[in-house]
Amino acid sequence: MEYNFNEIEKKWQQYWRDNHTYRTTVDTSKPKYYVLDMFPYPSGAGLHVGHPLGYIASDIYARYKRLNGFNVLHPMGYDAYGLPAEQYAIQTGQHPEVTTFKNIERYREQLDKIGFCYDWDREVKTCDPAYYKWTQWAFLKMFGSYYDTGREQARPIEELIAHLEAHGTEGLHAACSEELTFTAGEWNALSKAERDARLMNYRIAYRGNTMVNWCPKLGTVLANDEVSEGLSIRGGYPVEQKLMSQWCLRVSAYAPRLLDDLDTLEWTESIKETQRNWIGRSEGAEMLFPIVGRDEQLLIFTTRADTIFGVTFMVLAPESDYVDLVTTDERRAAVDAYLDEVKHKTERERMIDKKVSGVFSGSNAINPVTGKEIPIYISDYVLAGYGTGAIMAVPAHDSRDYAFARHFDLPIIPLIEGADVSSESFDAKEGIMTNSSNERLQLNGLQVKEAIARTKEYIARAGIGRVKVNYRLRDAIFSRQRYWGEPFPIYYDEQGQPQALDESLLPLKLPEVDKFLPTETGEPPLGRAKNWTAPNGRPLELCTMPGFAGSSAYYLRYMDPHNDKALVDKDVNAYWRQVDLYVGGTEHATGHLIYSRFWNKFLYDYGFVCEPEPFKKLINQGMIQGRSNFVYRVKDSNTFVTSELKDNYEVTPIHVDVNIVKNDILDIDKFRAWRPEFADAEFILNDGKYTCGWAIEKMSKSMFNVVNPDDVVANYGADTLRLYEMFLGPIEASKPWDTNGIDGVHRFLKKLWNQFFEGDKLRLTDGQPSPEALKSLHKLIKKVTQDIEAFSYNTSVAAFMICLNELTAMKCRDKAIYEPLVVLLAPFAPHIAEELWHALGHAESVTGASWPVWNEEYLKESTINYTVSFNGKPRFNIAVPAATSRDEVQQLALAHEGAARWLDGKQPRKVIVVPGKLVNVVV
RNA sequence: GCCCGGAUGGUGGAAUCGGUAGACACGAGGGACUUAAAAUCCCUUGGCCAUUGCGGCUGUGUGGGUUCAAGUCCCACUCCGGGUACCA
């Protein structure tokens, strides 16, 4: 009987389906373990060979834990809302739901072929109303909450209202967008609409006027993590800064907890570090600078309070509220011109164009320590969103201030002994202070660190500032001017104030629209929906939620996916608690992995979940990269030049589908047929061939370099694919897809098969295994067990091969050896393991077996080989009985006939014996 | 610029505490079986020298250091990958 993997895999996949082999229920008699993959966005390209890398790794671990007696929760679902489906809908008119469901079906088919042990009864789709009901529910809870900075938790907004009614802002500890001060009397005198507006300053989900990343091409705003280098991650379109009224989540309120709790997580240091940087805690001081001739003062933030004596000018962000205040009439025209210029630059232009620019406001400020008057400038190198949007400029010790001072010819005062600031600033936070003393404050002679502390102390005492911790983490912008997302359960009242829809009306289902484009008046697509109103007739919110809304709590929903009373039942949550092992890519470090932690903490504050963190252990699988091919189009033509000759022309490289390229040679006919615009393409060939360029890039549809796992499964089987992807190298490593080694693992499975069967007959026997066979087996058990625990799957696969080679060499045919081996193999290659397990006479699935335990007795050596070295150079080996003592080993080594040659008549100065390994003789 | 991570044969990659490199696999070369091919099996395979001897030298990005012993630890540097960036 041949190893017919196609037949075997089909058979067992059907068996698992029919028997609900992987269905999981709460079972308090067993310890639980929750293994989760980051669920995929079902893209039109289908799964490529890179996706399963993490899925296979987690599947192995889930199966391993099951065999070890754990009740394992291992679900899968789809992050089904997203831009690509909507962009496709805009182009084709096809409803995004149709394409999304079609893609999901395709994904499911592909996933099933690889033989994962998911409990599909728990599948979730973020676009399913029964699912997004709970996304909307969580949003309403956030809308109805504020963050109590004293108790460090979310509280119902009603508590805040009660406080404001009784005390105003006096003694209030609440995270807010803007520090407000008012009395209870003032509050109570406000109209309802005014109070509603003011509450937005405190709500955790709030509507606020903020600078947002606006992407005109996509027609929507984007969160910071959806933008990279001034371009949108999806599509790569330019993004500009715009002041807009948008829904936001007060993630920033959780910054301290998000930072501190990182220490409790079993994540890699690098991803924790990425999050720490993103959260960006910086300790500094806020300081007030009086404005000459005015009552108002400028509030600035600095981490270098010690440099106060070197402040030679002030700078405001163009968007700062102070700008209007300090601009004098005679400077008005110049300032307006500058503001206008800045406004028309995109974020990307602002980054690339690092030319110094700015304008004098006409006003001066007073240095509160030196009393000197200094000019106030406006420049776009100061960011509105960080600190207070205003800085004190210390050109001697900040490179940006330095460049500005040089450009506008402003004074530069060095403050650190020996610092040479003639050609560049001295930015290091070290050295001894100078030029920094007067009757109020004396810093001369101090180290920078001491000077910072003393200055902070002084400004607090003098009432000109206070110590302040700033975070870089901004609130998440939560609305999208898009169709394909969760609708907000929000309507607008007569005063135009947003109001919560009653919880009983959830889910608020996404309405149908005639087109997926903005309305003629520029409203989001939901503006096209008929009767898009609350039961009271008031208009509903037209924006939808962003992609990360649905993915922030999906791991909780898997615990209790069919519950229509709660996101997750409390008892069920108390059993599954949190994800024990989460597997996914690092690209979510500053997006999903922050939002989920925030969302979970919010729910934790209310006791909806019992763990403060969602993901205990995180493994980041590397990306399997694709190998892309390029053709080179000659500028302004439809002519393509082969890569060898491309340097003679002005060319644009264009990605070409790797499936119409073989060994970098383009199939010209297929290329012409590939796309209509290439139908009459001309070619400049070399030697009659068109050679494509290539590059290792991310595997993605847009790069046309996708390799489909289905093809690999059809040719080699799922078990081979699984083993091979693990054998490629450590799961954390990124590597280009390459099928070169796949025959090796396939051969291993065939060899194993042939050990079992001779023709149709099982050739295994019931005999007593030899000590050698037992040793080989137990070595394998130990190695594989330890490797799986360490996620070192590639060496596990190697261990299987070694063991099989040993068993084959000793002609071992004992069932007692192969039976445990099959169990060990089951997590890696479940189909063949199932087949062999049944061949061994078992009626039940191998899933119900128990993981073998190794016995050290079998691993003991009777004799041990020592390598004897002289002065570190290995010279000969000696074999001694296992029980030989250190001293005896030393004597045996020196007594050996070879020793005399290397001792060369001298006495050894020192002899080092490493037990079980080697002897080193120092002569 | 800053913060992480990395560099080992022709290739992917092994190597717990520092313990005497290159596991395993691919590829390559040679052989067996076969009319032939495929499949399968066996041998060789870091480099250089010696191969009718058992061997010798060298070798983990570069240069230093610590140690009886360094891919592993320390210092300096080069290159590559990732993240992040006018964050005051």
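All of these numbers come straight from a predicted model, not from anything done at the bench. The chains referred to below are lettered A, B, ... by the order of the sequence lines, with proteins before strands, and numbering in each begins at 1.
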Choosing from [options], which nucleotide comes nearest the side chain of [X]?
X	options	result
A:Thr302	B:rA85, B:rU40, B:rA88	B:rA88
A:Tyr386	B:rA85, B:rC3, B:rA88	B:rA88
A:Ser270	B:rC4, B:rC57, B:rU40	B:rC4
A:Arg875	B:rU40, B:rG56, B:rC86	B:rG56
A:Asn277	B:rG13, B:rC86, B:rC3	B:rC3
A:Asp398	B:rG13, B:rA88, B:rC3	B:rA88
A:Thr590	B:rU84, B:rA88, B:rG13	B:rU84

N/O (side chain, A:Arg276) to phosphate O (OP1/OP2, B:rG83) under 4.0 Å: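 No, A:Arg276 has no side-chain N/O under 4.0 Å of OP1/OP2 on B:rG83.
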At 4.0 Å (heavy atoms only), tell me whether A:Arg281 reaches a base, stays on the sugar-phosphate, or touches nothing.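 Since no nucleic acid heavy atom lies under 4.0 Å of A:Arg281, the category is nothing.
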Identify the pairs formed between an N or O of the protein and an N or O of nucleotides 20-26 of chain B at a distance under 3.5 Å, and give each distance.
from   : atom 1 : to       : atom 2 : distance (Å)
B:rU20 : O2     : A:Gly872 : O      : 2.9
B:rC26 : OP1    : A:Arg747 : NH1    : 2.5
B:rC26 : O2'    : A:Asn740 : O      : 3.0

All side-chain hydrogen bond (donor to acceptor under 3.5 Å, both in side chains) counterparts of A:Thr274, not counting sequence neighbours: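 For A:Thr274, no residue satisfies side-chain hydrogen bond (donor to acceptor under 3.5 Å, both in side chains) once neighbours in sequence are set aside.
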What pairs with A:Arg763 under side-chain hydrogen bond (donor to acceptor under 3.5 Å, both in side chains), at least two apart in sequence or on another chain?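 With sequence neighbours excluded, A:Arg763 shows a side-chain hydrogen bond (donor to acceptor under 3.5 Å, both in side chains) to no residue whatsoever.
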Nucleotide-level pairing of RNA chain B, given in dot-bracket where Watson-Crick and G-U pairs need both distances under 3.5 Å and | marks other strands: (((((((..(((......[....)))((((((.......))))))((((.....))))..(((((..]....))))))))))))....
Rounded to whole angstrom units, what separation is found between the [atom1] atom of [X] and the [atom2] atom of [N]?
X	N	atom1	atom2	value
A:Glu283	B:rA88	CD	P	12 Å
A:Asp401	B:rG1	CG	C1'	16 Å
A:Gln755	B:rU40	CD	P	15 Å
A:Ile912	B:rA70	CD1	P	12 Å

Could I get the full list of salt bridge (Lys or Arg N to Asp or Glu O under 4.0 Å) partners for [X], not counting sequence neighbours?
X	result
A:Glu430	none
A:Arg813	none
A:Arg875	none

Counting only heavy atoms from other residues, nucleotides and ligands, does the tally under 6.0 Å from CG of A:Asn4 exceed 12?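 Atom CG in A:Asn4 is packed in, count exceeds 12.
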Would B:rG12 be called syn or anti here, given the cut-off of 90° from 0?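 Chi for B:rG12 falls in the anti range.
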Syn or anti for B:rC17 (syn when the glycosidic angle lies within 90° of 0):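 Because its glycosidic torsion lies within 90° of 0, B:rC17 adopts the syn conformation.
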Side-chain donor-acceptor pair under 3.5 Å between A:Asn754 and A:Tyr3, yes or no?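 Note: A:Asn754 and A:Tyr3 side chains miss the donor-acceptor criterion.
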Indicate whether the side chain of A:Tyr386 and that of A:Ser282 have a donor and an acceptor atom separated by less than 3.5 Å.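 A:Tyr386 vs A:Ser282: donor-acceptor pair found between side chains.
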If you assign A:Gln786 and A:Arg909 each to the RNA chain B nucleotide with the nearest heavy atom, which residue ends up on the more 5' nucleotide?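 The answer here is A:Gln786.
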Taking only distance into account, with no hydrogens and no angle test, what donor-acceptor pairs under 3.5 Å do side-chain atoms of residues 586-594 of chain A form with protein atoms, sequence neighbours excluded?
from     : atom 1 : to       : atom 2 : distance (Å)
A:His592 : ND1    : A:Ser551 : O      : 3.4
A:His592 : NE2    : A:Tyr582 : OH     : 2.7

Can you say whether a donor on the side chain of A:Arg400 sits under 3.5 Å from an acceptor on the base of B:rC87, or the other way round?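 No, the side chain and the base share no sub-3.5 Å donor-acceptor pair.
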N/O donor-acceptor pairs under 3.5 Å from side chains in residues 912-923 of chain A, not counting sequence neighbours:
from     : atom 1 : to       : atom 2 : distance (Å)
A:Asn920 : OD1    : A:Gly872 : N      : 3.1

